[in-house]
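Each remark here refers to the structure printed beneath this line.
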Amino acid sequence: MDQAAPGRRRRIHSAEFKAQAVQALRQPGVSMAAVAMAQGVNANLLRRWVHERAQPPDDAVPASDQPVGFIALPMPAPPASSTLSAEPICIEVRRGATTIALTWPASAADACAAWMRELLR
């Protein structure tokens with residue numbers, strides 16, 4: 001493994017932090033880059049965490065020993081589409097001399113709120 005440059009230390013992220021970041025990607029309309037930026041990590045690192053969570057642990061039960069089956073789960077009905085399209089969410093955030101102008105689709109308001117919570121931490 002490469003050594004960090006002198007004077008720089010690698011950050012160590014807890015398993016809870018990694019799980020929270022990966023979970024944030026499950027929101028509809030959220031990009032890998034947006035979640036990585038909100039969490040303050042590189043998108044490639046976040047991508048690695050997603051890949052690691054997809055891999056079974058070394059002590060996992062072999063596939064031949066796992067029960068096979070299908071469980072049907074009820075799906076919520078999609079919201080009725082209106083004839084008027086929702087206006088996008090427009091936000092302007094200022095921190096010191098930095099200003100961020102953001103336009104987010106209204107259909108992904110939950111993802112926008114999650115991103116804003118992380119940004120304003």
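Considering every non-hydrogen atom in both Pro105 and Ile89, the closest pair reads O-CD1, 4.2 Å. Closest approach of Arg53 to Ala19, counting heavy atoms only: NH1-CB, 3.4 Å. Heavy atoms only, all atoms of each residue included: Thr103 and Pro88 are closest at CG2-CB, 3.7 Å. What you find for Ala108 and Pro28 is that their closest heavy atoms are CB-O, 3.9 Å. What you find for Val22 and Leu46 is that their closest heavy atoms are N-CD1, 4.3 Å.
Aromatic ring orientation, Trp49 versus Phe17: perpendicular (interplanar angle above 60°, classes split at 30° and 60°).
Atom CD in Gln39 sits 9.5 Å away from atom NE2 in His13 (nearest 0.5 Å).
Atom CD of Glu16 is surrounded by 12 or fewer heavy atoms from other residues, nucleotides or ligands within 6.0 Å.
Counting only heavy atoms from C-beta outward, the side chains of Gln23 and Gln20 never approach each other to under 4.5 Å. At a threshold of 4.5 Å between non-hydrogen side-chain atoms, the residues Val41 and Arg11 count as touching.
By the criterion of side-chain heavy atoms lying less than 4.5 angstrom apart, applied directly or through intervening Ile, Leu, Val, Met, Phe, Trp or Tyr residues, Met37 is not grouped with Leu25; the two fall into different hydrophobic clusters. Tracing side-chain contacts under 4.5 Å through hydrophobic residues (I, L, V, M, F, W, Y), one reaches Leu45 starting from Val30; they form part of the same cluster. Side-chain heavy atoms closer than 4.5 Å link hydrophobic residues (I, L, V, M, F, W, Y) into clusters, and following such links, even through other members, never connects Trp115 to Met32.
Each salt bridge (charged side-chain N to carboxylate O under 4.0 Å, His left out) pair with one or both residues in residues 98-119, not counting sequence neighbours, appears once here: Glu118-Arg121.
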